[in-house]
Asks: 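The structure under discussion is supplied below as structure tokens; questions concerning it will follow.
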2 protein chains.
Amino acid sequence: MILDSETKAVELPEDHGNELRLWLRLLTCTTLIEGEVRGRLRERFDVTLPRFDLMAQLDKVPDGMTLSDVSKRMMVSNGNVTGLVERLVESGHVDRRTSDTDRRVQVIRLTKTGRAEFRKMAAEHETWIAQIFSDLTPKDVRELMRLLAKTKASARKSARMRDL
Amino acid sequence: MILDSETKAVELPEDHGNELRLWLRLLTCTTLIEGEVRGRLRERFDVTLPRFDLMAQLDKVPDGMTLSDVSKRMMVSNGNVTGLVERLVESGHVDRRTSDTDRRVQVIRLTKTGRAEFRKMAAEHETWIAQIFSDLTPKDVRELMRLLAKTKASARKSARMRDL
DNA sequence: CGCCAATTGTTTAAACTTAAAGAAATAAGA
DNA sequence: TCTTATTTCTTTAAGTTTAAACAATTGGCG
């Protein structure tokens, strides 16, 4: 504890420049890659990134998910998902029905054509990502995975503490 | 080169699952931190993240920047910056004038109050970031910086190759 | 000079995104 | 049971974002 000349507690401004620079670099990487993927999805398949992301969530489950599940997994607001799903239903990629056991719940699934189209997009998408990271060695990839896991845990803890 | 039974060239589908998982984890980290920062900026200062980011760019230069410079640095579209600047001029945080030497160019700067407000926000912002990364050791931070620099370079190279 | 290309910024339409308020249904507890 | 809280989803208003088309200006080059 540090006390000033009139005996009040004082916070010394610490230097957190390294963490700030790390955050900016992380943001730069993500923005860069996101832009690249967005552009390729549009050029090759005329699809937007949010639509692709939502379909990716649905592709992982055969029996569909609720809108809340999608919202939590994508870390976006509920209202956002409502709009995205509306457009994907409109375009025939997604099927939506009310749950039999809980009439609040909407269950959404990929349609047959939606799933087929997504699989084609996903296959190419994976090669783009591989190319984007192609200068990293397998060891780099493992190390990044480990450090980002630690980062994720630290950020979540920080978010939980703020919620109190 | 791999040939199939009828002597045509065939691409073997390689496994790029690790790179894909790395990308998703990177995206998760960024989304998580971005949401945390966005919420705090709104609660504490009633300011949006894009406005804060733009002011952060301007704070680094005393004599102002052109809209194109801001656009490149923030990695967002020109039209996006036009709108953001319009609102920041409206709220009195940013000053805008046409360049003396090139009438196409708009030079924008922080106003006195804009700079003062930003400095206050930035000081707290830095402590939030430090808290978010607080479970990382200094070595972790250095390693992440290094690996993300490599990632950034790899992604940029990939983007350049696509532009050809 | 005069044309042509490139740069700079704005406008437009559509989509995305959030936060907040609200509606409907379910769950929980007195 | 009845009331209250919670969950789920939608709606709304405002703001952000992009891609594309456009206007204005500058620079290069014959």
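In the text below, chain A, chain B and the rest are named by the order of the sequence lines, each starting its count at 1. From a predicted model like this one, the values you see are computed outputs, not experimental measurements.
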Asks: Is any side-chain N or O of Arg51(A) closer than 4.0 Å to OP1 or OP2 of dC16(C)?
Replies: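 Checking dC16(C) against Arg51(A), a side-chain N or O does come within under 4.0 Å of OP1 or OP2.
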
Asks: Could you tell me the separation between the CG atom of Asp46(A) and the C1' atom of dA20(D), rounded to a whole number of Å?
Replies: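 In whole Å, dA20(D) C1' lies 13 Å from Asp46(A) CG.
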
Asks: Is it the case that the side chain of Ser158(B) and the backbone of Ser154(B) share a donor-acceptor pair, with hydrogens and angles ignored and the cut-off at 3.5 Å?
Replies: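 No, because the side chain of Ser158(B) does not come within donor-acceptor range (under 3.5 Å) of the backbone of Ser154(B).
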
Asks: Going by atom types only, do Ser99(A) and Gln106(A) share a side-chain donor-acceptor pair under 3.5 Å?
Replies: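 There is no such pair (donor and acceptor under 3.5 Å, judged by atom type) between the side chains of Ser99(A) and Gln106(A).
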
Asks: Taking only side-chain N and O atoms of Arg42(A), does any of them lie within less than 4.0 angstrom of OP1 or OP2 on dA20(D)?
Replies: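 For dA20(D), OP1 or OP2 has a side-chain N or O of Arg42(A) closer than 4.0 Å.
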
Asks: Any side-chain heavy-atom pair from Trp23(A) and Ile33(B) closer than 4.5 angstrom?
Replies: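 Trp23(A) vs Ile33(B): side chains touch.
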
Asks: Would you please name every residue forming a side-chain contact (heavy atoms from CB on, under 4.5 Å) with Thr127(B), sequence neighbours left out?
Replies: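 Applying side-chain contact (heavy atoms from CB on, under 4.5 Å) to Thr127(B) gives none.
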
Asks: Answer with yes or no whether the side chains of Thr137(A) and Asp140(A) bring together a donor and an acceptor at under 3.5 Å.
Replies: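 Yes, side-chain donor-acceptor contact under 3.5 Å.
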
Asks: Could you tell me how far apart Gln106(B) (CD) and dT25(D) (P) are, to the nearest whole angstrom?
Replies: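 It works out to 11 Å between those atoms.
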
Asks: Please tell me if the side chains of Val94(A) and Arg109(A) come closer than 4.5 Å, counting only heavy atoms from C-beta onward.
Replies: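 No - every pair of side-chain heavy atoms lies 4.5 Å or more apart.
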
Asks: For residues 52-68 of chain B, which residues have at least one heavy atom under 4.0 Å from DNA chain C?
Replies: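 Within residues 52-68 of chain B, the residues near DNA chain C are Thr66(B), Leu67(B), Ser68(B).
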
Asks: Below the 4.0 Å mark, does dC9(D) have OP1 or OP2 next to a side-chain nitrogen or oxygen of Ser71(A)?
Replies: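 No, no such contact exists.
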
Asks: Provide, to the nearest angstrom, the distance between the CG atom belonging to Asp100(B) and the C1' atom belonging to dT25(D).
Replies: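 Value for this atom pair: 15 Å.
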
Asks: Report, as yes or no, whether the 6.0 Å neighbourhood of atom CZ on Arg73(B) holds more than 12 heavy atoms from other residues, nucleotides or ligands.
Replies: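 For Arg73(B), atom CZ is not crowded (no more than 12 foreign heavy atoms under 6.0 Å).
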
Asks: Only counting residues at least two apart or in another chain, list the ones meeting side-chain contact (heavy atoms from CB on, under 4.5 Å) with Ser91(A).
Replies: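 Expected list: Leu88(A), His93(A).
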
Asks: Would you check if there is a donor-acceptor pair between the side chains of Asp69(B) and Thr66(B) at a distance under 3.5 Å?
Replies: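 Thr66(B) vs Asp69(B): donor-acceptor pair found between side chains.
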
Asks: Could you grab the distance from atom CZ of Arg104(A) to atom OG1 of Thr98(A), nearest 0.5 Å is fine?
Replies: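 Here the rounded value is 12.5 Å.
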
Asks: Map Gly35(A) and Lys72(A) onto DNA chain D by nearest heavy atom, then report which one ends up closer to the 5' terminus.
Replies: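 On the 5' side of the pair lies Lys72(A).
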
Asks: Starting at CD of Glu34(B) and ending at P of dT16(D), how long is that distance when rounded to a whole Å?
Replies: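 So the CD-P distance, Glu34(B) to dT16(D), works out to 13 Å.
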
Asks: Take atom CG of Leu41(B) and atom P of dT16(D), then tell me their distance rounded to the nearest Å.
Replies: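 It works out to 12 Å between those atoms.
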
Asks: Please tabulate, one pair per line, all N/O donor-acceptor pairs under 3.5 Å involving side-chain atoms of residues 35-49 of chain A, not counting sequence neighbours.
Replies:
unit_1   : atom_1 : unit_2    : atom_2 : d
Glu36(A) : OE2    : Arg40(A)  : NE     : 3.1
Glu36(A) : OE2    : Arg40(A)  : NH2    : 3.0
Arg40(A) : NH1    : Gln131(A) : OE1    : 3.4
Arg40(A) : NH2    : Gln131(A) : OE1    : 3.3
Arg44(A) : NE     : Glu124(A) : OE1    : 3.1
Arg44(A) : NE     : Glu124(A) : OE2    : 3.1
Arg44(A) : NH2    : Glu124(A) : OE2    : 2.3
Thr48(A) : OG1    : Arg51(A)  : N      : 3.4

Asks: Within residues 75-96 of chain B, which residues have any heavy atom lying less than 4.0 Å from an atom of DNA chain C?
Replies: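 Those residues are Asn78(B), Gly79(B), Thr82(B), Arg96(B).
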
Asks: With the criterion being N/O to N/O and under 3.5 Å, what pairs connect the protein with nucleotides 23-26 of chain C, and how long is each?
Replies:
unit_1  : atom_1 : unit_2    : atom_2 : d
dA25(C) : OP1    : Arg103(A) : NH2    : 3.4
dT26(C) : OP1    : Arg103(A) : N      : 3.4

Asks: dA19(D) P sits how many Å from Arg44(A) CZ, rounded?
Replies: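 Checked: the CZ to P distance equals 18 Å.
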
